Asker: 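What follows is a structure written as structure tokens; I'll ask about it next.
First the proteins, then the strands, lettered A, B, ... as listed; each starts at 1. Computed from a predicted model, the values in this text were never measured in an experiment.
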Amino acid sequence: MPELPEAETIARTLAPHVEGRLIRSIRFFAPRARRGMIPDLEGRRLLRSRRHGKQVVLELDGGVLMVKLGMTGSLRWRGPAGPYTRALLELDEGWISFDDVRQFGSIGWAPECPRSLGPDPLEVSEEEFRARLALRSARIKTLLLDQHFLRGLGNIYADEILFAAAIHPLTPARRLDAERVGRLYQVMRDVLERAIAAGGSSISDYVDADGRPGNFQQFHQVYGRAGGNCPRCGRTLRRILIAQRSTHFCPGCQKQNY
DNA sequence: TGGAATGTTCGGCT
DNA sequence: AAGCCGAACATTCC
């Protein structure tokens, strides 16, 4: 579920409730929800709620809590405890619940936000994006999903971006000509910004920190629409597997011309 | 009814 | 080195 626009939305909707509050405790109800060691946080101030790639970062004085949402993770302001509540961050007033059905998500601690991932898709310059693509022979869809190449894109937005750029998902990155790279860069920003403005995509059960679903799924052009008609040319949309991930595209608009 | 698929990521293997 | 594969997990859908 949560890719860049959803993590951004969760971080933003959480911010007004939690920034400036003092932490009372962090409690875990599932061992695998804790990633590594987390010190006693009592009395630390929660300074900021922001995003890093697909993760929500809660900046405290002296360190950061990095929340990986995995496939089904959510952070809810004053969330009701349920069977899938894996952790609770109690504040001097109110609390944040971390719910995660499939348990692919986790919460870790670090002195500062690690810099091991690739650049943010909304911050990378076109020149750097171009230079990084030129070095790689991998297929463009695979590369967009690689968090060390760019941090934040997942399966939905990779497919939507490639459709908007009219690029076939199997195209080797270094075979993209200058025009296509320029288009890819522009539509990547455009799709992500529109998705954030819509509060992200709610495919099944994603909601923001206030429990509100996103609306961007209404604007998906190809994701989840295999067998339907291309909104641009009318041909039947296809679904194939690339790197074990289902990949949706239009065989008419996204030609394999390389 | 069972098998396949689902938004992610990591490690191991070639 | 890059890329494929399976595993971690729970639920839904055909």
Asker: Nearest whole Å is fine: how far is dA5(B) C1' from L241(A) CG?
Answerer: 10 Å
Asker: Using a 5.5 Å cut-off between ring centres and planes within 30 degrees, is F104(A) stacked on the base of dA8(C)?
Answerer: yes
Asker: Measure CG/L144(A) against C1'/dA2(C) and give the value in whole Å, please.
Answerer: 16 Å
Asker: Got a second to check how far C230(A)'s SG is from Q221(A)'s CD, nearest 0.5 Å?
Answerer: 8.0 Å
Asker: For the pair made of CZ in R239(A) and P in dC14(C), what is the distance, rounded to whole Å?
Answerer: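 Interatomic distance, CZ of R239(A) to P of dC14(C): 13 Å.
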Asker: Is the backbone N or O of Y157(A) less than 3.5 Å from a side-chain atom of E3(A), with the two atoms forming a donor-acceptor pair by type?
Answerer: yes
Asker: Got L192(A) and M188(A) here, is their nearest side-chain heavy-atom distance under 4.5 Å?
Answerer: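 The answer is yes, as the side chains (C-beta and beyond) meet within the 4.5 Å cut-off.
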Asker: Which whole number of Å gives the distance between the P atom of dT8(B) and that of dA1(C)?
Answerer: 26 Å
Asker: Whole Å only: how far is the CG atom of L135(A) from the C1' atom of dA2(C)?
Answerer: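 These atoms are roughly 14 Å apart.
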Asker: Does S201(A) contact dG7(B) through a side-chain donor or acceptor facing the base, at a distance under 3.5 Å?
Answerer: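 Check fails, no donor-acceptor contact within cut-off.
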Asker: Looking for any heavy atom pair under 4.0 Å, which part of the strands does F149(A) touch: base, sugar-phosphate only, or nothing?
Answerer: nothing
Asker: Quick one: do V187(A) and L237(A) end up in the same hydrophobic cluster if we chain Ile, Leu, Val, Met, Phe, Trp and Tyr together by side-chain heavy atoms under 4.5 Å apart?
Answerer: no
Asker: May I ask you to evaluate whether R32(A) reaches the phosphate of dA8(C), defined as a side-chain N or O under 4.0 Å from OP1 or OP2?
Answerer: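 No.
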Asker: For atom P, what is the distance between dA4(B) and dC5(C), given to the nearest Å?
Answerer: 16 Å
Asker: In whole angstrom, give me the gap between the P atoms of dC14(C) and dG7(B).
Answerer: 16 Å
Asker: What's the CG-P distance between D100(A) and dC9(C), to the nearest Å?
Answerer: 12 Å
Asker: Classify the ring geometry of W77(A) against H17(A): parallel below 30°, tilted from 30° to 60°, perpendicular beyond 60°.
Answerer: parallel
Asker: Do nucleotides 9-14 of chain B as a string where each nucleotide becomes B, S or -: B if the base has a protein heavy atom under 4.0 Å, S if just the sugar-phosphate does, - if no protein is that close.
Answerer: BS----
Asker: Taking atom P of dG7(B) as reference, at what distance in whole Å does atom CG of L4(A) sit?
Answerer: 17 Å
Asker: Rounded to the nearest 0.5 Å, how far apart are CZ of R21(A) and CG of L46(A)?
Answerer: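 It is 10.0 Å, given to the nearest 0.5 Å.
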Asker: Taking the same atom, P, in dT1(B) and in dC9(C), what whole-Å distance lies between them?
Answerer: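 Their P atoms lie roughly 25 Å apart.
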Asker: Tell me what R35(A) touches on the nucleic acid: a base, only sugar-phosphate, or nothing, going by heavy atoms under 4.0 Å.
Answerer: nothing
Asker: Quickly, which of I107(A), L65(A), I10(A) forms a side chain to side chain contact (heavy atoms under 4.5 Å, CB included) with V56(A)? Name it, please.
Answerer: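 Single pass found, and it is I10(A).
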Asker: Rounded to the Å, how far apart are E6(A) CD and dG7(B) P?
Answerer: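 My rounded result for the distance is 12 Å.
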Asker: Go through the N and O atoms of the side chain of R102(A) and the base of dT6(B), and report whether any donor-acceptor pair is under 3.5 Å.
Answerer: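 Present.
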Asker: Just wondering, are more than 12 heavy atoms of other shown residues or ligands nearer than 6.0 Å to CZ in R132(A)?
Answerer: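 Yes.
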Asker: Between the protein and nucleotides 3-7 of chain C, are there any N/O to N/O pairs under 3.5 Å, and if so, what are the atom names and distances?
Answerer:
from: dG3(C); atom 1: OP1; to: A138(A); atom 2: N; distance (Å): 3.2
from: dC4(C); atom 1: OP1; to: R139(A); atom 2: NH2; distance (Å): 2.8
from: dC4(C); atom 1: OP2; to: R139(A); atom 2: NH2; distance (Å): 2.9
from: dC5(C); atom 1: OP2; to: Q244(A); atom 2: OE1; distance (Å): 2.6

Asker: Per the side chain to side chain donor-acceptor pair (under 3.5 Å) rule, which among T247(A), T171(A), D146(A) passes with K141(A)?
Answerer: T247(A)
Asker: When both hydrogen-bonding distances must be under 3.5 Å and the geometry is Watson-Crick or G-U wobble, what is dG7(B) paired with, if anything?
Answerer: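 Partner of dG7(B): none.
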Asker: Would one find a side-chain N or O of Y157(A) under 4.0 angstrom from OP1 or OP2 of dG7(B)?
Answerer: no
Asker: So with a 6.0 Å cut-off around CZ of R183(A), is the heavy-atom count from everything else above 12?
Answerer: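 For R183(A), atom CZ is crowded (more than 12 foreign heavy atoms under 6.0 Å).
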Asker: Whole Å only: how far is the CG atom of D205(A) from the C1' atom of dT6(B)?
Answerer: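 In whole Å, dT6(B) C1' lies 11 Å from D205(A) CG.
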